[in-house]
Amino acid sequence: MATISTNTGSTSSTNTGTVPAARVTRALLAAGAVAGPLYVLVSVAQGLTRDGFDFSRHAWSLLANGDLGWIQVTNLVVAGVLSLALAAALRRLPDLGGWAPRLIAVYGASLIASGVFRADPALGFPAGTPDETAEVSWHGMLHFVSGGIGFACLIAACFVLGRRFAAEGRRGWAAFSRTTGALFLAGFVGMAAGAGSSVANLAFTAAILLVWAWLSAVAVHLHHRLPNA
């Protein structure tokens, strides 16, 4: 049975001396583990308090608009940076240094880009926005493109790690990873084709919650398997 190696080397050099490599990896995994809960908490808090926001109609990315839009912009950027930390941690694990960290790194970068390039106001949010929008702005288009690329890479990462877990005999983790990838793909396609449907939007929101839970669970799982340092 193959196993994921957690040997990250004995030490890594810093300006103040040497820090055990495992300790650095654990810190990066911890950062990755909090990315999802933090992003979800901040998004839900805004959705519950922002005037006119409707979870059944509006994507969380719309929260980047309006006077308080900077909160969601910051939320996206922070989530992206923490996801990049997770990718860096995976890269430091010898048996996970292939496609998985690259795909998650692209996802992290896409979150940052999605914060920089805001989604256009739509579907009556922020308050006063018409339900129908005439055209998509350049930054709205870049938001869609970066989001699409990031989601595709995240879906691929689910299956790549699912294959890795299966190879080492961890069937539960393999099934969790593959199921998450399949459901997130279905939610993303449904949202893209749903044209503002409440059912499609809520299904995609559920998929977002699932994939963030999966990312955090993987980070915690790998964190616990590292040797104490």
Side-chain angles (χ1 to χ4, degrees), residues 2-6 8 24-40 59-61 75-117 142-168 170-192 204 206-223 225-226:
T3 58
I4 292 178
S5 172
T6 55
T8 59
V24 176
T25 306
R26 290 170 70 91
L28 291 170
L29 287 170
V34 302
L38 180 62
Y39 176 76
V40 170
W60 292 359
S61 58
N75 193 28
L76 284 163
V77 171
V78 170
V81 170
L82 294 176
S83 296
L84 289 174
L86 175 57
L90 296 181
R91 185 178 178 85
R92 294 170 65 86
L93 299 175
D95 290 344
L96 291 177
W99 279 105
R102 297 172 188 172
L103 292 166
I104 292 176
V106 173
Y107 174 62
S110 78
L111 287 171
I112 296 173
S114 295
V116 173
F117 305 113
L142 288 175
H143 179 88
F144 286 131
V145 171
S146 59
I149 292 173
F151 289 151
C153 287
L154 185 55
I155 291 165
C158 290
F159 289 103
V160 168
L161 285 177
R163 182 178 180 181
R164 179 63 255 177
F165 285 129
E168 70 170 61
R170 295 181 179 273
R171 296 180 180 179
W173 280 100
F176 183 22
S177 300
R178 291 166 173 167
T179 301
T180 297
L183 291 177
F184 189 70
L185 174 60
F188 178 54
V189 171
M191 185 272 296
F204 182 64
I208 287 286
L209 294 173
L210 174 63
V211 79
W212 275 123
W214 173 78
L215 275 174
S216 292
V218 167
V220 170
H221 172 64
L222 295 175
H223 186 280
R225 293 177 60 185
L226 281 175

[X] versus [Y], closest heavy-atom pair with distance:
{"X": "His223", "Y": "Ala30", "result": "CD2-N, 4.1 Å"}
{"X": "Thr180", "Y": "Cys158", "result": "CG2-SG, 4.0 Å"}
{"X": "Ala35", "Y": "Ala79", "result": "CB-O, 4.2 Å"}
{"X": "Gly181", "Y": "Ile155", "result": "O-CG2, 3.8 Å"}
{"X": "Leu28", "Y": "Ala85", "result": "CB-O, 3.5 Å"}
{"X": "Val220", "Y": "Ala33", "result": "CG2-CB, 3.9 Å"}

Inter-residue atom distance [X].[atom1] - [Y].[atom2], 0.5 Å rounding:
{"X": "Leu103", "Y": "Leu154", "atom1": "CG", "atom2": "CG", "answer": "9.0 Å"}
{"X": "Phe184", "Y": "Trp214", "atom1": "CZ", "atom2": "CH2", "answer": "11.0 Å"}
{"X": "Leu185", "Y": "Phe159", "atom1": "CG", "atom2": "CZ", "answer": "7.0 Å"}
{"X": "Leu82", "Y": "Leu38", "atom1": "CG", "atom2": "CG", "answer": "7.0 Å"}
{"X": "Ile112", "Y": "Leu84", "atom1": "CD1", "atom2": "CG", "answer": "5.0 Å"}
{"X": "Leu86", "Y": "Leu29", "atom1": "CG", "atom2": "CG", "answer": "6.5 Å"}

Do Leu210 and Thr179 come close enough that some side-chain heavy atom pair is under 4.5 Å? no

Between Ser61 and Ser114, is any pair of side-chain heavy atoms under 4.5 Å apart? no

If you apply the rule side-chain contact (heavy atoms from CB on, under 4.5 Å), what do you find for Val78 with Tyr39, and how did you get there? CA-CA 8 Å; Val78 170; Tyr39 176 76; over 6 Å; no

Under 6.0 Å between the ring centres of Tyr107 and Trp212? yes

Ile104 and Leu215: side-chain contact (heavy atoms from CB on, under 4.5 Å), yes or no, with the steps? CA-CA 9 Å; Ile104 292 176; Leu215 275 174; 4.1 Å; yes

Given side-chain contact (heavy atoms from CB on, under 4.5 Å), test Ser110 with Ile149 step by step and report yes or no. CA-CA 7 Å; Ser110 78; Ile149 292 173; 5.6 Å; no

Just say parallel, tilted or perpendicular for the rings of [X] and [Y], cut-offs at 30° and 60°.
{"X": "Phe204", "Y": "Phe151", "value": "perpendicular"}
{"X": "Phe165", "Y": "His221", "value": "perpendicular"}
{"X": "Trp173", "Y": "Phe176", "value": "tilted"}

